[in-house]
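Some notes on the structure that comes next.
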Amino acid sequence: MLKTLFVLLLIISTAFSMTLKKVEENLYMVRGNDGLPSKENKGFISNAYAVLTEEGWVVIDTLTTPELSEEFLNLLKKVSNKPVIYAIVTHYHLDHWYGAKTFKDKGAKVIAHEKLKEFYDSGEALQVLEAQKKRFKGVLDSVELVPPDEVVKDKKVLKVGKDVFEIYAMPPAHTNSDLVIYWKNRKVLFVGDLVYINRIPFMGDRNASSKGWLEVLERLKEFDARMLLGGHNYPMNKDAIDWTYNYIKFVRDTVKKLKDEGYFIDEIKEAFKGNPYEKVKMYEVFHNTNVWKVYNELDLEL
């Protein structure tokens with residue numbers, strides 16, 4: 001009995017630990033857990049990446065809390081004590097932006113989509129944070145939002161020593177503040193939450209556009225990328241673009257067909273039972289929200 005209890009405690013204590021993984025030379029990541037923020041997972045629900053250049057670190061995404069981003073930074077320092085020069089935020093969701101202050105306080109320039117800065121400047125971001133603190137009690141208490149130092153309206157090119165990073169602002173898709181970063185030297189594409197494989201995407205953001213998302217995925221296919229690094233998967237190849245596209249199109253086509261036939265939203269949700277995606281990770285968490293969002297989006301597309 002005591003042995004079983006010890007094993008359970010060990011599993012609980014290590015389930016949400018942060019480990020720095022070397023993807024390849026000068027490229028590192030931490031892999032977040034699948035789920036929503038909780039006291040148990042400490043908000044560690046997404047990935048963050050770091051590229052070591054001859055001048056210093058370029059970080060992509062900053063995790064959910066300053067505690068997590070500080071832990072990430074300390075892991076990077078064990079590899080190299082070079083400074084973090086840039087911290088690039090792929091979109092405004094809490095698990096990608098809320099840890100940015102750690103890097104800004106250390107002198108890094110924070111880069112994000114212009115819509116993220118508008119969100120911050122309007123005061124709306126602070127209102128959302130306060131609401132999320134109530135929803136995810138005890139997880140976000142230490143979060144202080146910081147605005148980006150530089151914004152991307154269309155495209156920005158960063159040259160850091162010999163490394164070149166092309167940053168592209170995408171039209172509304174997962175959110176209205178999506179960025180992708182193309183590390184030209186290595187043909188690596190950082191895609192934020194725009195691409196998944198074997199994990200249901202979240203399409204329910206109020207500024208999301210499933211129609212726009214499909215168009216963005218077609219655009220991503222045009223990149224000469226040998227590796228895709230996303231917010232919630234292990235490293236992927238370009239097949240993941242098709243996987244994401246197929247799920248979003250499946251939801252859109254099914255909802256449109258049933259809506260055109262006069263079915264109500266609850267009936268449409270029921271009609272999805274038995275579909276091929278039911279066993280996919282995060283289906284129970286996100287799928288019905290995705291259906292509801294598409295149901296309402298279609299009215300605006302008329």
Side-chain angles (χ1 to χ4, degrees), residues 32 35-37 43-49 58-69 72 86-105 108-136 139-156 165 167-181 190-196 201-210 212-213 216 220 229-232 244 282 285-286 289-290 293 297:
L36 297 177
F44 184 35
I45 61 166
S46 61
N47 302 345
Y49 301 92
V58 175
V59 165
I60 293 92
D61 282 332
T62 65
L63 304 173
T64 308
T65 67
E67 290 85 2
L68 290 172
S69 54
F72 180 37
Y86 295 105
I88 307 169
V89 178
T90 60
H91 59 288
Y92 63 28
H93 284 167
L94 77 168
D95 50 328
H96 299 262
W97 176 26
Y98 281 12
K101 187 173 186 296
T102 295
F103 299 102
K104 190 164 188 169
D105 286 349
K109 288 186 177 179
V110 177
I111 300 176
H113 195 291
E114 66 171 358
K115 291 293 183 182
L116 186 148
K117 188 171 190 304
E118 289 176 13
F119 183 51
Y120 177 89
D121 290 344
S122 70
E124 198 172 356
L126 185 57
Q127 294 174 13
V128 170
L129 171 59
E130 293 307 314
Q132 288 172 331
K133 283 182 177 180
K134 293 176 182 177
R135 181 183 179 190
F136 304 116
V139 179
L140 305 173
D141 294 348
S142 62
V143 172
E144 294 181 45
L145 299 181
V146 294
D149 302 292
E150 299 180 14
V151 298
V152 183
K153 183 176 182 179
D154 181 29
K155 177 183 176 181
K156 178 185 285 288
F165 301 88
I167 309 173
Y168 296 87
M170 293 290 145
H174 176 61
T175 69
N176 67 347
S177 59
D178 299 312
L179 296 180
V180 299
I181 303 96
F190 299 89
V191 292
D193 283 0
L194 291 168
V195 179
Y196 303 80
F202 174 62
M203 299 159 58
D205 186 273
R206 60 184 177 154
N207 292 309
S209 167
S210 59
W213 200 334
V216 164
L220 295 184
L229 297 176
H232 299 277
T244 310
M282 300 301 286
V285 181
F286 292 147
T289 300
N290 296 344
K293 182 64 165 64
E297 274 183 40

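Within the 4.5 Å cutoff, side-chain heavy atoms of Trp97 are placed close to those of Leu145. A 4.5 Å side-chain heavy-atom check between Leu116 and Val151 finds every atom pair outside the cut-off. Between Val152 and Ile111, some side-chain heavy-atom pair lies under the 4.5 Å cut-off. The shortest distance between side-chain heavy atoms of Phe119 and Val128 falls below 4.5 Å. Contact check for Phe286 versus Pro201: no side-chain heavy atoms found under the 4.5 Å cut-off. Between Met170 and Val180 there is a side-chain heavy-atom pair separated by less than 4.5 Å. Between Leu129 and Val143 the shortest side-chain heavy-atom distance falls below 4.5 Å. Using a 4.5 Å heavy-atom threshold, the side chains of Asp149 and Lys104 count as touching.
With rounding to the nearest 0.5 Å, the separation of CD1 in Ile45 from CG in Leu36 is 6.5 Å. Summarising the geometry, atom OH belonging to Tyr86 is positioned 15.5 Å from atom CZ belonging to Phe103; distances are rounded to the nearest 0.5 Å. Taken to the nearest 0.5 Å, the CD atom of Gln127 stands 6.5 Å off from the CD atom of Glu124. A distance of 5.0 Å separates OG of Ser210 from CE of Met203, quoted to the nearest 0.5 Å. Once rounded to the nearest 0.5 Å, the distance linking CD of Glu144 with CG of Asp105 reads 8.0 Å. Between Asn176 atom CG and Asn207 atom CG the span is 4.0 Å, to the nearest 0.5 Å.
A salt bridge links Lys109 with Glu150: the distance from a Lys NZ or Arg NE/NH1/NH2 to an Asp or Glu carboxylate oxygen falls below 4.0 Å. Salt bridge annotation for Lys293-Glu297: present, with a cationic side-chain nitrogen under 4.0 angstrom from a carboxylate oxygen. Taking the charged nitrogens against the carboxylate oxygens, Lys133 and Asp141 have no contact shorter than 4.0 Å, which rules out a salt bridge. At a threshold of 4.0 Å, the pair Glu118-Lys115 counts as salt-bridged, since one of the basic side-chain nitrogens sits closer than that to a carboxylate oxygen.
In this structure, His174 and His93 have perpendicular ring planes: the angle between them is above 60°, well past the 30° mark.
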Criterion side-chain contact (heavy atoms from CB on, under 4.5 Å) on Thr65 and Tyr98, from CA distance to verdict: CA-CA 6 Å; Thr65 67; Tyr98 281 12; over 6 Å; no

Full working for side-chain contact (heavy atoms from CB on, under 4.5 Å) between Val89 and Tyr92: CA-CA 7 Å; Val89 178; Tyr92 63 28; over 6 Å; no

Evaluation steps, side-chain contact (heavy atoms from CB on, under 4.5 Å), between Ile167 and Ile88: CA-CA 9 Å; Ile167 309 173; Ile88 307 169; 3.9 Å; yes

Criterion side-chain contact (heavy atoms from CB on, under 4.5 Å) on Phe136 and Thr64, from CA distance to verdict: CA-CA 12 Å; Phe136 304 116; Thr64 308; over 6 Å; no

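What you find for Pro37 and Leu94 is that their closest heavy atoms are CG-CD1, 4.1 Å. Here the shortest heavy-atom pairing between Lys117 and Pro148 reads CB-CG, 3.8 Å. For the residue pair Ala100 and Thr62, the shortest heavy atom distance occurs at N-OG1, 3.1 Å. Here the shortest heavy-atom pairing between Ala173 and Leu194 reads CB-CD2, 3.7 Å. Minimum heavy-atom separation, Val59 to Phe72: CG1-CE2, 3.9 Å. Residues Phe165 and Val58 come closest through the heavy atom pair CE1-CG2, 3.9 Å.
For the side chain to side chain contact (heavy atoms under 4.5 Å, CB included) criterion with Phe190, the lone passing option out of Ile181, Asn47, Leu179 is Ile181.
In the model, Asp61 has a side-chain atom that pairs as donor or acceptor with a side-chain atom of Thr90 under 3.5 Å. Asp154 and Tyr168 share no side-chain donor-acceptor pair at under 3.5 Å. Asp193 and His96 are linked by a side-chain donor-acceptor pair at a separation below 3.5 angstrom, with hydrogens and angles left out of the test.
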